[in-house]
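Structure record follows, encoded as C-alpha coordinates.
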Amino acid sequence: MLLQVKNLKAYFPIKGGILSNTSGQVKAVDDISLNIERGETVGLVGESGSGKSTLGRAILQLVSLSGGLVRFNDVPYNSSRKDAKKVQMIFQDPLSSLNPRMTVGAAIAEVLKHHKLVPRNKVMHRVKELFRMVELSPEYIHRYPHELSGGQCQRVGIARALSVEPELIICDEIVSALDVSVQAQIINLLKKLQKDKKLSYLFISHDLAVVRQIAHRIAVMYCGKIVEYGDVNSIILTPFHPYTKALITIAGEKGHLKDIMKPGDIANPANLPEGCHFHPRCPVKDREDKLPDICKKLYPDLIEKIEGHFVACFQQRK
Ligand SMILES: Nc1ncnc2c1ncn2[C@@H]1O[C@H](COP(=O)(O)OP(=O)(O)OP(=O)(O)O)[C@@H](O)[C@H]1O
Ligand SMILES: [Mg+2]
(Lines give C-alpha, C1' and ligand atoms only; values in the text may rest on other atoms or scores of the structure.)
(Ligands and ions follow the chains in the order given, each with its own letter.)
Protein backbone atom coordinates (compact mmCIF):
# COMPACT_ATOMS: atom_id res chain seq x y z
CA MET A 1 0.00 0.00 0.00
CA LEU A 2 1.41 3.38 -0.99
CA LEU A 3 -0.93 5.59 1.04
CA GLN A 4 -3.08 4.56 3.93
CA VAL A 5 -5.41 7.09 5.52
CA LYS A 6 -7.17 5.86 8.62
CA ASN A 7 -9.97 7.58 10.55
CA LEU A 8 -8.60 10.97 9.60
CA LYS A 9 -10.19 14.02 11.20
CA ALA A 10 -9.59 17.71 10.59
CA TYR A 11 -11.85 20.01 12.60
CA PHE A 12 -11.73 23.81 12.54
CA PRO A 13 -12.95 25.83 15.50
CA ILE A 14 -15.67 28.40 14.84
CA LYS A 15 -15.03 31.61 16.72
CA GLY A 16 -18.01 33.70 17.66
CA GLY A 17 -19.41 36.14 20.16
CA ILE A 18 -17.84 39.22 21.74
CA LEU A 19 -15.04 37.30 23.42
CA SER A 20 -14.30 35.26 20.31
CA ASN A 21 -14.99 32.08 22.18
CA THR A 22 -15.04 28.87 20.25
CA SER A 23 -18.72 28.34 19.56
CA GLY A 24 -18.48 25.10 17.66
CA GLN A 25 -16.48 23.33 15.04
CA VAL A 26 -16.52 22.60 11.35
CA LYS A 27 -15.85 18.94 10.81
CA ALA A 28 -14.24 19.45 7.39
CA VAL A 29 -12.79 15.94 7.39
CA ASP A 30 -14.63 13.59 9.69
CA ASP A 31 -13.34 10.08 10.19
CA ILE A 32 -12.15 9.32 6.67
CA SER A 33 -10.33 6.15 5.69
CA LEU A 34 -8.89 5.70 2.22
CA ASN A 35 -6.09 3.76 0.56
CA ILE A 36 -4.16 4.40 -2.62
CA GLU A 37 -2.05 1.73 -4.30
CA ARG A 38 1.07 2.37 -6.32
CA GLY A 39 0.14 3.35 -9.87
CA GLU A 40 -3.49 3.99 -8.91
CA THR A 41 -5.67 7.08 -9.29
CA VAL A 42 -8.34 7.66 -6.70
CA GLY A 43 -10.84 10.35 -7.67
CA LEU A 44 -12.36 12.46 -4.92
CA VAL A 45 -15.59 14.16 -5.88
CA GLY A 46 -18.14 16.28 -4.06
CA GLU A 47 -19.67 19.73 -3.99
CA SER A 48 -17.93 22.88 -2.88
CA GLY A 49 -17.40 22.80 0.88
CA SER A 50 -17.58 19.01 1.18
CA GLY A 51 -14.00 18.91 2.50
CA LYS A 52 -12.01 17.66 -0.51
CA SER A 53 -9.17 20.18 -0.29
CA THR A 54 -8.98 19.84 3.47
CA LEU A 55 -8.56 16.08 3.07
CA GLY A 56 -5.70 16.67 0.62
CA ARG A 57 -4.10 19.15 2.97
CA ALA A 58 -4.65 16.91 5.99
CA ILE A 59 -2.82 14.05 4.24
CA LEU A 60 0.15 16.40 3.81
CA GLN A 61 -0.26 17.71 7.36
CA LEU A 62 -0.76 21.23 6.07
CA VAL A 63 -3.63 21.47 8.54
CA SER A 64 -3.44 20.14 12.07
CA LEU A 65 -5.13 16.80 12.51
CA SER A 66 -7.88 16.23 15.03
CA GLY A 67 -7.38 12.49 14.84
CA GLY A 68 -6.42 9.52 12.72
CA LEU A 69 -3.27 8.59 10.90
CA VAL A 70 -1.58 8.77 7.53
CA ARG A 71 0.90 6.10 6.50
CA PHE A 72 3.03 6.36 3.40
CA ASN A 73 5.02 3.37 2.17
CA ASP A 74 4.01 1.62 5.39
CA VAL A 75 5.47 4.16 7.79
CA PRO A 76 3.74 7.15 9.44
CA TYR A 77 3.89 10.12 7.07
CA ASN A 78 5.82 12.99 8.54
CA SER A 79 5.83 16.30 6.70
CA SER A 80 9.17 17.29 8.19
CA ARG A 81 11.03 14.18 7.09
CA LYS A 82 13.34 14.11 4.09
CA ASP A 83 11.12 11.84 2.01
CA ALA A 84 8.06 14.02 2.67
CA LYS A 85 8.49 15.40 -0.84
CA LYS A 86 7.45 12.02 -2.22
CA VAL A 87 3.93 13.42 -1.83
CA GLN A 88 3.28 16.57 -3.85
CA MET A 89 0.18 18.72 -4.23
CA ILE A 90 -0.85 20.79 -7.27
CA PHE A 91 -3.58 23.40 -7.05
CA GLN A 92 -6.26 24.88 -9.27
CA ASP A 93 -4.63 28.23 -9.88
CA PRO A 94 -1.13 27.62 -11.18
CA LEU A 95 -0.41 31.33 -11.58
CA SER A 96 -0.84 32.06 -7.91
CA SER A 97 1.66 29.38 -6.98
CA LEU A 98 4.31 30.68 -9.40
CA ASN A 99 6.47 33.71 -8.65
CA PRO A 100 5.43 36.36 -11.22
CA ARG A 101 8.94 37.86 -11.29
CA MET A 102 10.71 34.63 -12.08
CA THR A 103 10.77 32.75 -15.39
CA VAL A 104 9.08 29.39 -15.09
CA GLY A 105 12.37 27.63 -15.89
CA ALA A 106 14.11 29.51 -13.08
CA ALA A 107 11.29 28.57 -10.70
CA ILE A 108 11.88 24.88 -11.36
CA ALA A 109 15.66 25.30 -11.24
CA GLU A 110 15.23 26.79 -7.79
CA VAL A 111 13.41 23.70 -6.54
CA LEU A 112 16.15 21.45 -7.94
CA LYS A 113 18.86 23.53 -6.25
CA HIS A 114 16.99 23.81 -2.97
CA HIS A 115 16.63 20.06 -2.63
CA LYS A 116 20.08 19.42 -4.17
CA LEU A 117 18.46 16.99 -6.57
CA VAL A 118 21.07 17.28 -9.32
CA PRO A 119 24.63 18.68 -9.45
CA ARG A 120 24.58 22.46 -10.06
CA ASN A 121 25.99 22.14 -13.59
CA LYS A 122 23.20 19.71 -14.52
CA VAL A 123 20.31 21.87 -13.32
CA MET A 124 19.37 23.43 -16.67
CA HIS A 125 19.67 20.09 -18.41
CA ARG A 126 17.21 18.62 -15.90
CA VAL A 127 14.82 21.58 -16.29
CA LYS A 128 14.73 20.96 -20.05
CA GLU A 129 14.10 17.28 -19.45
CA LEU A 130 11.18 18.11 -17.13
CA PHE A 131 9.71 20.45 -19.75
CA ARG A 132 9.91 17.65 -22.30
CA MET A 133 8.15 15.31 -19.89
CA VAL A 134 5.18 17.66 -19.66
CA GLU A 135 5.26 18.25 -23.42
CA LEU A 136 6.25 21.90 -23.25
CA SER A 137 8.76 23.18 -25.79
CA PRO A 138 12.07 24.22 -24.11
CA GLU A 139 11.56 27.78 -25.36
CA TYR A 140 8.99 28.23 -22.59
CA ILE A 141 11.73 27.93 -19.98
CA HIS A 142 12.47 31.62 -20.45
CA ARG A 143 8.87 32.81 -20.22
CA TYR A 144 7.19 34.42 -17.25
CA PRO A 145 4.03 32.86 -15.81
CA HIS A 146 1.72 35.58 -17.21
CA GLU A 147 3.03 34.83 -20.71
CA LEU A 148 1.65 31.29 -20.58
CA SER A 149 -1.88 29.98 -21.11
CA GLY A 150 -3.75 28.28 -18.28
CA GLY A 151 -2.95 24.85 -19.66
CA GLN A 152 0.74 25.69 -20.10
CA CYS A 153 0.91 27.03 -16.54
CA GLN A 154 -0.61 23.81 -15.28
CA ARG A 155 2.04 21.86 -17.22
CA VAL A 156 4.70 23.91 -15.43
CA GLY A 157 2.97 23.07 -12.16
CA ILE A 158 3.17 19.38 -13.03
CA ALA A 159 6.83 19.72 -14.07
CA ARG A 160 7.62 21.38 -10.76
CA ALA A 161 5.90 18.58 -8.85
CA LEU A 162 7.78 15.99 -10.93
CA SER A 163 11.11 17.68 -10.27
CA VAL A 164 11.30 16.13 -6.79
CA GLU A 165 10.40 12.67 -8.13
CA PRO A 166 7.20 12.15 -6.17
CA GLU A 167 5.35 8.86 -5.82
CA LEU A 168 1.97 10.43 -5.09
CA ILE A 169 0.56 13.69 -6.47
CA ILE A 170 -2.54 15.24 -4.96
CA CYS A 171 -4.21 17.16 -7.79
CA ASP A 172 -6.69 19.66 -6.36
CA GLU A 173 -9.09 20.88 -9.08
CA ILE A 174 -6.13 21.24 -11.42
CA VAL A 175 -8.18 21.19 -14.62
CA SER A 176 -11.29 22.93 -13.27
CA ALA A 177 -10.40 26.35 -14.69
CA LEU A 178 -9.44 25.04 -18.14
CA ASP A 179 -11.43 24.60 -21.36
CA VAL A 180 -12.73 21.11 -21.98
CA SER A 181 -10.20 20.40 -24.77
CA VAL A 182 -7.30 21.55 -22.61
CA GLN A 183 -8.67 19.53 -19.68
CA ALA A 184 -8.49 16.42 -21.84
CA GLN A 185 -4.88 17.16 -22.83
CA ILE A 186 -3.80 17.57 -19.22
CA ILE A 187 -5.63 14.40 -18.20
CA ASN A 188 -3.94 12.46 -21.00
CA LEU A 189 -0.59 13.83 -19.89
CA LEU A 190 -1.23 12.73 -16.29
CA LYS A 191 -2.18 9.26 -17.50
CA LYS A 192 0.96 8.97 -19.62
CA LEU A 193 3.18 10.12 -16.73
CA GLN A 194 1.45 7.63 -14.47
CA LYS A 195 2.24 4.79 -16.84
CA ASP A 196 5.86 5.85 -17.35
CA LYS A 197 6.63 6.46 -13.69
CA LYS A 198 4.12 4.32 -11.82
CA LEU A 199 2.80 7.47 -10.19
CA SER A 200 -0.27 7.53 -7.97
CA TYR A 201 -2.79 10.36 -7.89
CA LEU A 202 -5.44 11.61 -5.56
CA PHE A 203 -7.45 13.51 -8.14
CA ILE A 204 -9.83 16.02 -6.59
CA SER A 205 -12.65 17.64 -8.56
CA HIS A 206 -16.23 18.74 -8.05
CA ASP A 207 -16.98 17.40 -11.55
CA LEU A 208 -17.64 13.69 -11.83
CA ALA A 209 -17.46 13.94 -15.64
CA VAL A 210 -13.78 14.90 -15.26
CA VAL A 211 -12.96 12.48 -12.44
CA ARG A 212 -14.29 9.44 -14.31
CA GLN A 213 -11.85 10.11 -17.17
CA ILE A 214 -8.84 9.46 -14.99
CA ALA A 215 -9.82 7.62 -11.80
CA HIS A 216 -9.56 3.89 -11.21
CA ARG A 217 -11.61 4.24 -8.06
CA ILE A 218 -13.89 7.06 -6.97
CA ALA A 219 -14.70 8.31 -3.48
CA VAL A 220 -17.73 10.58 -3.10
CA MET A 221 -17.51 13.10 -0.29
CA TYR A 222 -20.38 14.90 1.43
CA CYS A 223 -20.05 17.13 4.50
CA GLY A 224 -16.68 15.81 5.61
CA LYS A 225 -17.49 12.14 5.07
CA ILE A 226 -17.08 9.60 2.30
CA VAL A 227 -20.61 8.49 1.47
CA GLU A 228 -19.73 6.04 -1.31
CA TYR A 229 -16.65 4.57 -2.92
CA GLY A 230 -15.75 1.86 -5.37
CA ASP A 231 -14.35 1.13 -8.82
CA VAL A 232 -15.08 3.83 -11.34
CA ASN A 233 -17.37 1.65 -13.47
CA SER A 234 -19.24 0.35 -10.47
CA ILE A 235 -19.82 3.90 -9.22
CA ILE A 236 -20.93 5.22 -12.60
CA LEU A 237 -23.06 2.24 -13.63
CA THR A 238 -24.52 1.17 -10.29
CA PRO A 239 -24.45 4.10 -7.89
CA PHE A 240 -26.25 3.41 -4.62
CA HIS A 241 -26.21 6.72 -2.75
CA PRO A 242 -28.79 9.33 -3.83
CA TYR A 243 -26.05 11.96 -3.70
CA THR A 244 -23.84 9.99 -6.10
CA LYS A 245 -26.84 9.51 -8.39
CA ALA A 246 -27.41 13.25 -8.40
CA LEU A 247 -23.74 13.93 -9.19
CA ILE A 248 -23.94 11.51 -12.12
CA THR A 249 -27.05 13.21 -13.45
CA ILE A 250 -25.50 16.66 -13.41
CA ALA A 251 -22.23 15.34 -14.86
CA GLY A 252 -24.23 14.05 -17.83
CA GLU A 253 -26.32 17.15 -18.28
CA LYS A 254 -23.81 19.80 -17.23
CA GLY A 255 -26.55 21.11 -14.99
CA HIS A 256 -26.56 22.29 -11.42
CA LEU A 257 -27.15 20.16 -8.41
CA LYS A 258 -29.62 22.63 -7.01
CA ASP A 259 -31.89 22.07 -10.03
CA ILE A 260 -32.38 18.40 -9.35
CA MET A 261 -32.19 18.23 -5.59
CA LYS A 262 -34.30 19.83 -2.99
CA PRO A 263 -34.42 21.46 -0.66
CA GLY A 264 -31.71 24.04 -1.01
CA ASP A 265 -28.03 24.02 -0.62
CA ILE A 266 -25.39 21.72 0.76
CA ALA A 267 -25.85 21.34 4.52
CA ASN A 268 -24.17 23.99 6.65
CA PRO A 269 -20.96 22.29 7.79
CA ALA A 270 -20.94 24.36 10.97
CA ASN A 271 -24.39 23.10 11.86
CA LEU A 272 -24.93 19.65 10.43
CA PRO A 273 -28.30 17.96 10.67
CA GLU A 274 -28.62 15.07 13.09
CA GLY A 275 -28.61 11.58 11.61
CA CYS A 276 -27.51 11.17 8.00
CA HIS A 277 -26.12 14.54 6.89
CA PHE A 278 -27.84 14.09 3.58
CA HIS A 279 -31.34 13.39 4.89
CA PRO A 280 -32.82 16.89 4.40
CA ARG A 281 -32.08 16.58 0.68
CA CYS A 282 -32.85 12.90 0.32
CA PRO A 283 -35.24 12.11 -2.55
CA VAL A 284 -36.60 9.07 -0.69
CA LYS A 285 -38.72 11.52 1.26
CA ASP A 286 -40.66 12.45 -1.88
CA ARG A 287 -41.06 8.89 -3.10
CA GLU A 288 -42.17 7.31 0.12
CA ASP A 289 -43.99 10.23 1.64
CA LYS A 290 -41.85 10.24 4.73
CA LEU A 291 -38.24 9.57 5.57
CA PRO A 292 -37.62 6.66 7.99
CA ASP A 293 -36.76 7.82 11.51
CA ILE A 294 -33.40 6.10 11.50
CA CYS A 295 -32.16 8.45 8.74
CA LYS A 296 -32.92 11.42 10.97
CA LYS A 297 -31.36 9.94 14.09
CA LEU A 298 -28.23 7.94 13.22
CA TYR A 299 -25.33 8.40 10.86
CA PRO A 300 -25.04 5.34 8.55
CA ASP A 301 -21.72 3.48 8.43
CA LEU A 302 -20.24 2.44 5.11
CA ILE A 303 -21.29 -1.07 4.13
CA GLU A 304 -20.05 -3.17 1.22
CA LYS A 305 -22.92 -3.51 -1.28
CA ILE A 306 -20.97 -5.35 -3.94
CA GLU A 307 -17.34 -6.36 -3.90
CA GLY A 308 -15.17 -3.33 -3.27
CA HIS A 309 -18.12 -0.93 -3.53
CA PHE A 310 -19.20 0.70 -0.27
CA VAL A 311 -22.08 3.02 0.57
CA ALA A 312 -23.31 4.85 3.67
CA CYS A 313 -27.11 4.87 3.36
CA PHE A 314 -29.78 3.18 5.46
CA GLN A 315 -32.02 2.85 2.39
CA GLN A 316 -29.47 0.51 0.85
CA ARG A 317 -29.69 -1.99 3.69
CA LYS A 318 -33.16 -3.27 2.93
N1 LIG B 1 -8.62 26.98 7.51
C2 LIG B 1 -9.92 26.82 7.70
N3 LIG B 1 -10.54 27.36 8.77
C4 LIG B 1 -11.86 27.18 8.99
N5 LIG B 1 -12.68 26.48 8.17
C6 LIG B 1 -12.13 25.93 7.08
C7 LIG B 1 -10.73 26.08 6.77
N8 LIG B 1 -10.48 25.41 5.61
C9 LIG B 1 -11.66 24.89 5.21
N10 LIG B 1 -12.65 25.20 6.09
C11 LIG B 1 -14.07 24.77 6.00
O12 LIG B 1 -14.08 23.37 5.83
C13 LIG B 1 -15.10 22.99 4.92
C14 LIG B 1 -14.50 22.21 3.79
O15 LIG B 1 -13.73 23.08 2.97
P16 LIG B 1 -12.86 22.58 1.75
O17 LIG B 1 -12.15 23.75 1.19
O18 LIG B 1 -12.03 21.42 2.18
O19 LIG B 1 -13.97 22.08 0.73
P20 LIG B 1 -13.83 21.66 -0.80
O21 LIG B 1 -14.60 20.40 -0.96
O22 LIG B 1 -12.40 21.64 -1.19
O23 LIG B 1 -14.60 22.83 -1.56
P24 LIG B 1 -14.29 23.53 -2.99
O25 LIG B 1 -14.89 22.63 -4.04
O26 LIG B 1 -15.01 24.84 -2.90
O27 LIG B 1 -12.81 23.68 -3.13
C28 LIG B 1 -15.78 24.28 4.49
O29 LIG B 1 -16.91 24.47 5.28
C30 LIG B 1 -14.75 25.34 4.77
O31 LIG B 1 -15.36 26.58 5.05
MG1 LIG C 1 -11.29 22.67 -2.63
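Keep in mind the model is a prediction, meaning the values are calculated, not measured. Read the numbers this way: they start at 1 and go in the same order the structure lists the ligands and their atoms. Residues take their numbers from the sequence shown, with the count starting at 1.
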*Should Arg57 be listed as contacting ligand 1, given a heavy-atom distance under 4.0 Å as the test?*
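Heavy atoms of Arg57 never come under 4.0 Å of ligand 1.
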*Is Leu65 reachable from Leu168 through a run of hydrophobic residues whose side-chain heavy atoms are each under 4.5 Å from the next?*
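Yes.
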_Is it the case that the side chain of Gln316 and the backbone of Cys313 share a donor-acceptor pair, with hydrogens and angles ignored and the cut-off at 3.5 Å?_
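Side chain of Gln316 to backbone of Cys313, a donor-acceptor pair under 3.5 Å: no, none is there.
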*Between the main-chain N or O of Ala58 and the side-chain N or O of Gln61, is there a donor-acceptor pair closer than 3.5 Å?*
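Not at all, since once roles are kept as given, no pair shorter than 3.5 Å links the two residues.
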Which of the numbered atoms in ligand 1 are below 4.0 angstrom from a heavy atom of [X]?
| X | value |
| --- | --- |
| Ser50 | 19 (O), 21 (O) |
| Glu173 | 25 (O) |
| Ser48 | 23 (O), 24 (P), 25 (O), 26 (O) |
| Pro269 | 29 (O) |
| Glu47 | 21 (O) |

*asked:* Determine whether any protein heavy atom is located less than 4.0 Å from atom 20 (P) of ligand 1.
replied: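 Given the 4.0 Å limit, the answer for atom 20 (P) of ligand 1 is yes, a protein heavy atom qualifies.
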Is there at least one pair of N or O atoms, one from [X] and one from ligand 1, spaced under 3.5 Å apart?
| X | answer |
| --- | --- |
| Gly49 | yes |
| His206 | no |
| Gly51 | yes |

*Any N/O/S of Ser53 under 2.8 Å from the Mg ion (ligand 2)?*
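So Ser53 counts as coordinating the Mg ion (ligand 2), yes.
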_Considering non-hydrogen atoms of the protein only, which is the closest contact for atom 7 (C) of ligand 1, and what is the distance?_
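The closest heavy atom on the protein side is Phe12 CE1, 3.3 Å.
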*For atom 12 (O) of ligand 1, grab the closest protein heavy atom and report residue, atom and distance to one decimal in Å.*
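Nearest protein contact, heavy atoms only, for atom 12 (O) of ligand 1 is Ala28 CB, 3.3 Å.
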*Once the angle between the rings of Tyr299 and His277 is folded into 0 to 90°, is it parallel (under 30°), tilted (30 to 60°) or perpendicular (over 60°)?*
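Ring orientation of Tyr299 relative to His277: tilted.
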Give a yes-or-no answer on whether the side chains of [X] and [Y] include a donor-acceptor pair shorter than 3.5 Å.
| X | Y | answer |
| --- | --- | --- |
| Thr103 | His142 | no |
| Tyr243 | Glu47 | yes |
| Asn73 | Arg38 | yes |

*Under 4.0 Å, heavy atoms only, figure out whether ligand 1 is touched by the backbone of Val26, its side chain, both or neither.*
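The side chain, only.
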*Select one of side chain, backbone, both or neither to describe which atoms of Lys52 lie under 4.0 Å from any atom of ligand 1, heavy atoms only.*
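Both backbone and side chain.
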*Can you figure out which of Ala58, Ser53, Cys223 has its heavy atom closest to atom 27 (O) of ligand 1?*
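Checking each option, the heavy atom nearest atom 27 (O) of ligand 1 is found in Ser53.
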*Nearest non-hydrogen atom to atom 15 (O) of ligand 1 belongs to which of Val45, Thr54, Leu44, Asp172?*
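That would be Thr54.
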*Is any NZ, NE, NH1 or NH2 atom of the basic residue among Arg217 and Glu40 found under 4.0 Å from an Asp or Glu carboxylate oxygen of the other?*
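Salt bridge: yes.
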*What heavy-atom pair brings Glu228 and His309 nearest, and what distance separates the two atoms?*
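For Glu228 versus His309, the nearest heavy atoms are OE2-NE2, 2.6 Å.
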*Please say whether more than 12 non-hydrogen atoms of neighbouring residues, nucleotides or ligands are located less than 6.0 Å from CD in Glu304.*
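It does: Glu304 CD has more than 12 such atoms within range.
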*Considering residues, nucleotides and ligands other than Arg212, do more than 12 of their heavy atoms fall under 6.0 Å from its CZ?*
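It does not: Arg212 CZ has 12 such atoms or fewer within range.
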